[in-house]
Amino acid sequence: METFQALLPGQSVQDIGRRAKFLTITLSESILVFHLRMSGDLRMEPSESPLEKHDRMVLDFTSGWRLSFNDTRKFGRVWLVYDTLAIFAALGPEPDDPALTPAKFHEMLRERKRAIKPLLLDQHFLAGLGNIYTDEALFRASIHPLQSSETLDEQDAARLLEAIRFTLASGIESNGASIDWVYRGGDFQNHFQVYQRSGKPCPRCGQPINKILVGQRGTHFCPNCQKLKGA
DNA sequence: AGGGTAACCCGGACGC
DNA sequence: TGCGTCCGGGTTACCC
């Protein structure tokens with residue numbers, strides 16, 4: 001294990017924020033940016049607390065508190081930057097941006113010609129959806145994961161945008177999903193409609209949920225409720 | 001432009 | 001019990 005010390009003398013926390021799946025801690029003269037990927041976790045605790053297994057970075061504050069970045073699978077990333085432009089420049093809009101109207105979303109979908117699931121996962125198209133939320137949102141909107149984006153009409157787009165917003169809000173309300181031992185305290189896994197429910201009955205029609213591979217990602221959907229249209 | 005694939009990482013699940 | 005193998009999450013790189 002290599003260790004080094006990064007000193008941030010005299011700097012204090014000015015703000016805490018989020019853009020897409022990135023967390024930002026704005027300091028007096030620089031910005032800490034975190035991406036937890038799937039196994040990352042941040043803890044605030046007294047500096048004298050024992051370190052935990054897989055703690056990858058710790059920040060000691062003069063107040064006696066410590067911020068620990070724990071990441072079992074080392075997938076997470078941390079940057080110390082002077083501005084976030086380079087990291088955030090290419091990101092798509094936030095799903096909850098009021099400027100993202102159903103009409104605008106429809107236009108974005110029509111400009112592309114790509115299977116809807118990988119498109120929704122593409123952070124440059126729309127920022128914030130991961131595999132779980134994409135499957136859940138497509139189910140709620142009754143759209144097949146392989147449906148090509150430009151074939152979705154205004155109503156489809158409006159339904160999908162609503163489903164995305166609803167699904168993300170539900171996940172946040174549940175403190176996320178704790179499907180893995182690395183997540184803590186989340187409850188959203190108890191609200192999954194399709195994700196990791198292959199073979200189990202669709203909550204809407206009772207037909208078995210199907211699982212396929214789309215762009216190397218496990219993809220769960222109801223073949224009866226989410227039919228490919230116009231094919 | 002879109003897609004397919006591999007890489008990163010590692011603990012748990014699974015099969016033998 | 002002890003192996004080996006596969007899996008999956010988000011993202012980028014690279015190839016066709």
Side-chain angles (χ1 to χ4, degrees), chain A residues 1-2 18-24 33-42 51-57 68-79 81 84-95 107-139 143-152 164 167-168 171-172 174-189 191-192 194-200 209-221 228 230-231:
Chain A
M1 166 85 91
E2 52 182 309
R18 176 196 66 79
R19 171 75 170 102
K21 299 176 187 175
F22 298 90
L23 298 172
T24 55
V33 182
F34 295 86
H35 195 309
L36 303 181
R37 297 280 177 103
M38 70 173 288
S39 60
D41 189 26
L42 288 169
L51 288 178
E52 294 186 12
K53 197 177 180 183
H54 309 308
D55 277 347
R56 308 295 183 186
M57 190 194 83
S68 298
F69 177 58
N70 185 280
D71 186 11
T72 310
R73 295 186 183 172
K74 290 187 181 176
F75 253 36
R77 297 288 183 271
V78 186
W79 298 260
V81 296
T84 55
L85 274 178
I87 302 176
F88 294 171
L91 287 171
E94 293 287 327
E107 185 191 325
M108 287 166 58
L109 292 168
R110 274 183 308 171
E111 283 171 354
R112 305 296 291 271
K113 198 168 187 164
R114 197 175 173 193
I116 189 63
K117 161 135 185 182
L119 185 58
L120 292 180
L121 283 174
D122 185 344
Q123 303 298 298
H124 305 310
F125 177 75
L126 184 69
L129 287 175
N131 204 39
I132 294 173
Y133 296 92
T134 303
D135 280 4
E136 292 295 318
L138 286 173
F139 170 75
I143 293 172
H144 192 288
L146 289 175
Q147 189 73 44
S148 195
S149 57
E150 88 284 6
T151 67
L152 295 169
I164 289 167
T167 303
L168 286 174
I172 290 166
S174 298
N175 297 312
S178 296
I179 52 169
D180 248 321
W181 65 103
V182 289
Y183 297 119
R184 303 170 195 204
D187 182 44
F188 193 54
Q189 69 278 11
H191 302 281
F192 288 167
V194 290
Y195 186 78
Q196 283 191 345
R197 294 193 67 251
S198 48
K200 294 180 177 163
I209 299 299
N210 197 1
K211 181 180 180 183
I212 59 175
L213 215 51
V214 177
Q216 291 180 303
R217 285 281 167 268
T219 298
H220 315 73
F221 71 107
L228 263 182

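If you're wondering where the values come from, they're calculated on a predicted model, not measured in any experiment. Below, read A as the first sequence line, B as the second, and so on, with proteins coming before strands; counting in each chain starts at 1.
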Of all heavy-atom pairs between [X] and [Y], which one has the smallest distance, and what is that distance?
{"X": "A:Asn131", "Y": "A:Gly218", "result": "ND2-O, 3.1 Å"}
{"X": "A:Pro118", "Y": "A:Val214", "result": "CD-CG1, 3.8 Å"}
{"X": "A:Leu121", "Y": "A:Leu129", "result": "CD2-O, 3.9 Å"}
{"X": "A:Gly176", "Y": "A:Gln189", "result": "O-OE1, 4.2 Å"}

Given atom [atom1] of [X] and atom [atom2] of [N], what is their separation to the nearest angstrom?
{"X": "A:Leu119", "N": "C:dG10", "atom1": "CG", "atom2": "P", "result": "16 Å"}
{"X": "A:Leu109", "N": "B:dA1", "atom1": "CG", "atom2": "C1'", "result": "16 Å"}
{"X": "A:Arg19", "N": "C:dG10", "atom1": "CZ", "atom2": "C1'", "result": "16 Å"}
{"X": "A:Arg73", "N": "C:dC6", "atom1": "CZ", "atom2": "C1'", "result": "12 Å"}
{"X": "A:Leu126", "N": "C:dT11", "atom1": "CG", "atom2": "P", "result": "12 Å"}
{"X": "A:Arg56", "N": "B:dC10", "atom1": "CZ", "atom2": "C1'", "result": "9 Å"}
{"X": "A:Asp71", "N": "C:dG8", "atom1": "CG", "atom2": "C1'", "result": "14 Å"}

Quick test of the criterion, 5.5 Å between centres and less than 30° between planes. Is A:Phe75 stacked on C:dG9 or not?
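Stacking between A:Phe75 and C:dG9: present.
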
Contact class for A:Lys117 (heavy atom, under 4.0 Å): base, sugar-phosphate, or nothing?
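The residue A:Lys117 makes no contact with any strand.
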
Given [N], is OP1 or OP2 found less than 4.0 Å from the side-chain N or O atoms of [X]?
{"X": "A:His35", "N": "C:dT11", "value": "yes"}
{"X": "A:His124", "N": "C:dT12", "value": "yes"}
{"X": "A:His54", "N": "B:dC10", "value": "no"}
{"X": "A:Arg112", "N": "B:dG2", "value": "yes"}
{"X": "A:Gln216", "N": "B:dA6", "value": "no"}
{"X": "A:Lys74", "N": "B:dC8", "value": "no"}

Could you tell me whether A:Phe192 and A:Phe139 have their ring centroids closer than 6.0 angstrom?
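Not under 6.0 Å, so no.
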
If you pin A:Lys113 and A:Gly215 to their nearest nucleotides in DNA chain B, which one's is more 5'?
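The 5'-side residue here is A:Lys113.
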
Can you identify which nucleotide, out of B:dG3, C:dG8, C:dG10, has its nearest atom closest to the A:Arg114 side chain?
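Shortest atom-to-atom distance from the side chain points to B:dG3.
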
Can you tell which of B:dG3, B:dG11, C:dG9 lies closest to the side chain of A:Arg217?
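Output: C:dG9.
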
